[in-house]
Asker: 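First the structure, then my questions, so here it is.
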Amino acid sequence: MKKRRLMAAALCAVLAASTALSGCGGNKAAGNGSQAAGNETGTAESGTPAVYTKLYGSEATTLNYLTASSENDNKIGANCVDTLIEYDNKGQIKPGLATEWSYDDATLTWTFKLREAKWVDNTGAEVADVTAQDFVDAMKYELTPEYESANVQNLFGVIANAEKYYNGLVYNGGADKDGKVWESIDYSEVGVKAVDEHTLTYTLEKEVPYFLSSLAYVVYMPAYGPQLAELGKDFGTGADKMYYNGAFYLEEFSPQEKHVFKKNPANYDADIVYINEIQEIYNAEYNTIGPEMIKRGEIDYAEISSDILDNMMNSEDTKNLISRERPRTSYSYFYSFNFNPQFDAQYEPDNWRKAVNNENFRKALFAGLNKTKEVAVLEPAAPDDFVINSITPANFTFNADGTDYTTVGDMASLGQTFNETKAKEYRDLAKAELTAEGVTFPVKVLMPYNPSEVNWDKECQVVEQQMESLLGTDFIDIIVEAGPADGFLTEVRRSGKFALMKCNWGADYADPETWTDPFYQVKGEDGYDLGYKYGNIAKAIEEGTPSADAAVEYFTLVEAAKDIKVDINARYEAFAKAEASLVNHAFVLPFSISVSKYVASKLDVFEGQYAPFGVSNLRYKGQHLQDHYVSMDEFKANREANAK
């Protein structure tokens, strides 16, 4: 039996095969990074409560972090509920609710020792101790089908018997469509146990190279068990319908009005929580109103859209108000083709269904998109710095030899996709093939956007003009349309009300498998869960369309890669082959990494937690509220100091 005891200082040895860290130095608490010149506010320095104020324009659809999957919904859980491990401001792993941990190779069991911690309610009053049982109860909630957790599949194939327990509840001894029988099992057989109040174990289904890094995601957050049992589906439906153990508690949640977070004095890390209160105020026009309020010093943060950026940067009164967000490799943007169109008849869904299942049609649009032009809407100075040709961003993870995953195996062959000559060749081939199938031209291409996202409308306009000019308005008619600001994800993407749309994915853990999660799918009792995955590639398989074989190829390659657990180099090469298949068949069009937005902010973004996965980047813990907006020069100085 080989048993390893792991403390925070030794973690790089564990994660070297699956993530790039900046080195195994000492464990610094978040907030030890650089600070912008000038004074700071906050009780830690001046005795004056630090109140951070910002506008928002897209409402969270749920507070229930155990079921939520979107970044907009996860922000609340990220700041109000602690995880077992955390990442500091340099991307190094550090203790969270767990102070130490060990791994037993023979039994595939991780053991975590928990610190003393408290649950508080939305008034900040202490209600209970945080115990190992809270992690056990939270996972049981996620594995209960009636609660419809969007995260539950992250546990399948990872936590021993998690899938058996879940499907046992779904099928109750019956068989799925593939004939596999799922007998009911007791929850005690699932690989999560409270050994005692402060000892938690997870037993894995099989070797999982990235498991430790995945603990920074919402799926492994705890919840107070008695409250879950009492509230059921009502858990997380209001600020008073959940408890908090994180850096902040949610005092008020008034949809489309206000969110108020208060510093949690009971939190174990309260001495490095420098913001006393966060006020988020709803305004549907926050994109335009925010910058004006910045000029008057009325709020502490606003995004700066491209149409006003030059004027603000060139004005003596405002040029020093503007900086940027921290660059992230945790998000990838890509265009998804929708294989299960559910949009209105006026956009001709049946015509689109035939067109999208023609690979030459997809490749015409694939090769016809000038990504540099579109990224220039967000970053006119250096757009090519953000363009990518794979779904996985560069420098996200590295194999056992330290080789960037995006240069491994078949991934190395993915190059520049924009090619005017090729786009026209694919167009002509597609037109001939689709005409024979009865497709009418131009094919209507419904391209919706979320009006609450700064500059997304302008990006769509650039795409429309550029691609129609290249491919011809007799071939495609791109229809740009605003979707709802609230519930956009549910109302548009999950409902299939788009033909082609820019989507994004944020990594959940440090392994290439995380980038298959938006696309790869296992067939359930009623077939594939359409709407759950981006673009619904599985629909091509269900309908036996001309794209079915290519979809099966991708799914099969993913399954083969997932089965490789120990040989990291072989695992990465297998995932590289799968991703290359997805891209080369033009199921999705890789676009860009997160373009660092231009913002006006009183926070030094390099003080906050950082990791290219999970929810670390959403946290305010460790950040000081400055008494001024950070300038671009300060931003650069902070970035350089953080890199040391």
Asker: Where does the angle between the aromatic ring planes of Tyr347 and Phe343 fall among parallel (under 30°), tilted (30 to 60°) and perpendicular (over 60°)?
Answerer: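 Perpendicular, since the angle between the ring planes exceeds 60°.
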
Asker: Under a plain distance cut-off of 3.5 Å, with no hydrogens placed, do Tyr166 and Glu142 share a side-chain donor-acceptor pair?
Answerer: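 No, no side-chain donor-acceptor contact under 3.5 Å.
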
Asker: Verify, without hydrogens or angle tests, whether Asn536 (side chain) and Ala538 (backbone) share a donor-acceptor contact under 3.5 angstrom.
Answerer: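 Judged by distance alone, no pair lies under 3.5 Å.
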
Asker: Once you measure the plane-to-plane angle for Phe396 and Trp515, does it fall in the parallel (<30°), tilted (30-60°) or perpendicular (>60°) bin?
Answerer: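 If you compare the ring of Phe396 with that of Trp515, the planes turn out perpendicular.
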
Asker: Salt-bridge test for Glu513 and Lys562: reply yes if a basic N is under 4.0 Å from a carboxylate O, no otherwise.
Answerer: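 A salt bridge is present here (some side-chain N lies under 4.0 Å from a carboxylate O).
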
Asker: Indicate yes or no: at least one non-hydrogen side-chain atom of Glu453 is less than 4.5 angstrom from one of Phe488.
Answerer: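 No, side chains not in contact.
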
Asker: Is a side-chain N or O of Tyr331 found less than 3.5 angstrom from the main chain of Ser592, in a donor-acceptor match?
Answerer: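 Flag not set: sc Tyr331 to bb Ser592 has no pair under 3.5 Å.
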
Asker: Centre of Tyr534's six-membered ring, under 6.0 Å away, within 45 degrees of the axis: is that where NZ or CZ of Arg493 sits?
Answerer: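 Yes.
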
Asker: Give me the ring orientation class for Tyr301 and Tyr52: parallel if the planes are under 30° apart, tilted from 30 to 60°, perpendicular past 60°.
Answerer: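 Tilted: the ring planes of Tyr301 and Tyr52 meet at 30° to 60°.
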
Asker: Please state whether the rings of Tyr243 and Tyr224 are parallel, tilted or perpendicular, taking 30° and 60° as the class boundaries.
Answerer: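 Correct class here is tilted.
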
Asker: Between Glu189 and Lys164, is there a side-chain N and carboxylate O pair less than 4.0 Å apart?
Answerer: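 No salt bridge links Glu189 with Lys164.
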
Asker: Is the ring pair Tyr405/Tyr572 parallel, tilted or perpendicular, if the boundaries are 30 and 60 degrees?
Answerer: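 Tyr405 vs Tyr572 ring planes: perpendicular.
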
